[in-house]
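Any value given below was found using the heavy atoms of this structure, including those in side chains, with hydrogens, waters and symmetry copies removed. As the structure lists them, so they are numbered: ligands from 1, and atoms in each ligand from 1. Numbers here are sequence positions counted from 1.
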Amino acid sequence: MIDLESQPALVVGGGKVALRRVRTLLEAGAKVTLVAPEASTELIRLAGAKQIAWRKKIFASDDLGEAWVVVAATDDPEVNRFVAEAAGPRRLVNVADQPELGNFRVPVRLQRGRLIFSVSTGGASPILARKIRDDLAEQYDQSWEEKLDRLYEERRQMKASGWSQAERKERLRRLVEELITDM
Ligand SMILES: C[C@@]1(CC(=O)O)C2=NC(=C\c3[nH]c(c(CCC(=O)O)c3CC(=O)O)Cc3[nH]c(c(CC(=O)O)c3CCC(=O)O)/C=C3\N/C(=C\2)[C@@H](CCC(=O)O)[C@]3(C)CC(=O)O)/[C@H]1CCC(=O)O
Ligand SMILES: NC(=O)c1ccc[n+]([C@@H]2O[C@H](COP(=O)([O-])OP(=O)(O)OC[C@H]3O[C@@H](n4cnc5c(N)ncnc54)[C@H](O)[C@@H]3O)[C@@H](O)[C@H]2O)c1
């Protein structure tokens with residue numbers, strides 16, 4: 001939930017994990033550069049469509065440039081370690097196969113408009129994290145996007161009204177209960 005809009009991000013590696021990270025970074029509005037000698041068809045397509053810049057080469061430390069976020073997602077643990085070391089402690093660094101070498105991990109995410117779920121199992125089981133996400137997706141279906149907009153609007157109006165905090169709290173609590181009963 002960090003604001004990455006227009007921030008430079010570097011993804012090292014061109015496989016399945018790199019593609020997942022590239023998608024997440026693009027959704028967050030980051031300017032993504034990919035460094036990899038080979039890349040998957042979808043990554044090549046994104047590069048062709050100019051959504052990412054692709055340096056078709058193996059990683060070297062001068063690829064880091066101004067990158068604020070760095071992802072090491074090659075299939076070579078030594079390369080991933082080298083990327084993390086070269087990136088240093090002053091950037092956001094994610095390492096796909098040795099998370100302890102980086103300083104952030106990637107949870108599973110589910111978004112319903114203003115409502116965002118983030119599920120992590122602390123490295124225990126990404127498969128369980130995904131299953132919990134799928135369960136939440138069923139429980140909180142698309143209708144929650146609108147429900148959240150309604151809550152947002154009501155709360156905004158109440159804040160502008162002359163009601164006491166206690167009155168506001170009680171009304172908002174009831175509204176949330178109505179929405180949940182409606183599920
Ligand atoms: C949630 C998700 C997000 C994403 O990556 O986008 C994610 N892994 C996903 C899938 C997945 N990962 C793995 C498999 C193969 C089956 C298995 O082994 O379970 C599958 C299934 C698949 O790929 O289909 C294997 C695996 N994963 C990690 C290691 C290394 C290690 O743990 O040391 C290895 C062993 C590699 C090996 O040995 O080969 C590490 C991490 N994986 C994390 C997140 C972080 C911890 C999150 C948490 O604690 O919950 C962390 C620490 C990385 C990080 O923070 O960057 C994504 C769900 C995608 C979705 O459905 O949306
Ligand atoms: N975090 C997760 O969710 C998760 C899930 C599965 C696997 N993994 C781990 O993540 C890593 C990547 O997995 P994958 O399935 O994406 O791998 P992959 O084999 O699909 O892709 C590896 C990529 O790394 C590139 N590469 C290799 N050496 C390089 C170098 N020196 N510089 C730049 N690029 C280089 C290759 O060209 C290739 O594009 C593996 O270590 C795997 O064990 C993590």
Side-chain angles (χ1 to χ4, degrees), residues 1-4 7-49 51-113 115-142 144-145:
M1 299 202 206
I2 299 173
D3 186 1
L4 293 180
Q7 296 294 341
L10 187 78
V11 176
V12 185
K16 184 184 69 173
V17 178
L19 174 62
R20 284 210 297 264
R21 299 288 180 274
V22 164
R23 285 204 171 119
T24 311
L25 287 163
L26 286 177
E27 276 168 27
K31 282 195 301 191
V32 181
T33 300
L34 185 81
V35 179
E38 303 296 335
S40 66
T41 320
E42 179 56 13
L43 284 168
I44 294 172
R45 191 194 66 76
L46 287 169
Q51 296 200 45
I52 61 174
W54 177 24
R55 297 186 193 144
K56 196 172 181 325
K57 62 190 275 294
I58 62 166
F59 171 80
S61 47
D62 61 5
D63 285 313
L64 285 162
E66 295 288 298
W68 195 41
V69 183
V70 178
V71 174
T74 79
D75 53 354
D76 183 335
E78 283 315 309
V79 173
N80 291 343
R81 172 180 289 278
F82 175 59
V83 173
E85 280 170 6
R90 308 235 168 267
R91 311 180 205 240
L92 292 169
V93 182
N94 173 248
V95 184
D97 61 333
Q98 301 155 89
E100 67 285 355
L101 297 182
N103 52 24
F104 79 95
R105 294 171 193 219
V106 180
V108 186
R109 208 157 152 278
L110 171 69
Q111 182 152 14
R112 298 288 188 232
L115 181 62
I116 295 174
F117 293 99
S118 189
V119 183
S120 167
T121 60
S125 172
I127 291 177
L128 174 63
R130 182 193 285 185
K131 163 135 187 35
I132 294 172
R133 189 258 326 266
D134 292 346
D135 292 348
L136 282 169
E138 253 182 60
Q139 196 180 346
Y140 290 87
D141 61 17
Q142 302 286 354
W144 279 84
E145 192 165 335

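- Aromatic ring pairs are classed by plane angle as parallel below 30°, tilted from 30° to 60° and perpendicular above 60°; the pair Phe82 and Phe59 is perpendicular.
- More than 12 heavy atoms of other shown residues, nucleotides or ligands fall within 6.0 angstrom of atom CD in Glu100.
- Ligand 1 lies under 4.0 Å from heavy atoms of Lys16, Arg20, Arg21, Asn94, Ala96, Asp97, Pro99, Arg105, Val106, Val108, Ser120, Thr121, Gly122, Gly123, Pro126, Ile127, Ala129, Arg130, Arg133.
- Leu128 CG: more than 12 foreign heavy atoms inside a 6.0 Å radius.
- Taking 4.5 Å as the limit, every side-chain heavy atom of Phe117 sits out of range of all side-chain heavy atoms of Ile132.
- More than 12 non-hydrogen atoms from other residues, nucleotides or ligands lie less than 6.0 angstrom from NZ of Lys56.
- Shortest non-hydrogen contact noted between Ala67 and Arg91 is O-NH1, 2.9 Å.
- Applying the side chain to side chain donor-acceptor pair (under 3.5 Å) rule to Asp141 yields the partners Ser143; only residues at least two apart in sequence or on another chain are considered.
- Partners of Arg130 according to the side chain to side chain contact (heavy atoms under 4.5 Å, CB included) rule, which considers only residues two or more places apart in sequence or in another chain, are Arg133, Asp134.
- Side chains of Lys31 and Gln7 form no contact here, defined as non-hydrogen atoms less than 4.5 Å apart.
- Residue-level contacts of ligand 2 at the 4.0 Å heavy-atom threshold are Val12, Gly13, Gly14, Gly15, Lys16, Val17, Arg20, Arg21, Val35, Ala36, Pro37, Glu38, Ile58, Phe59, Ala73, Thr74, Asp75, Val79, Ala96, Asp97.
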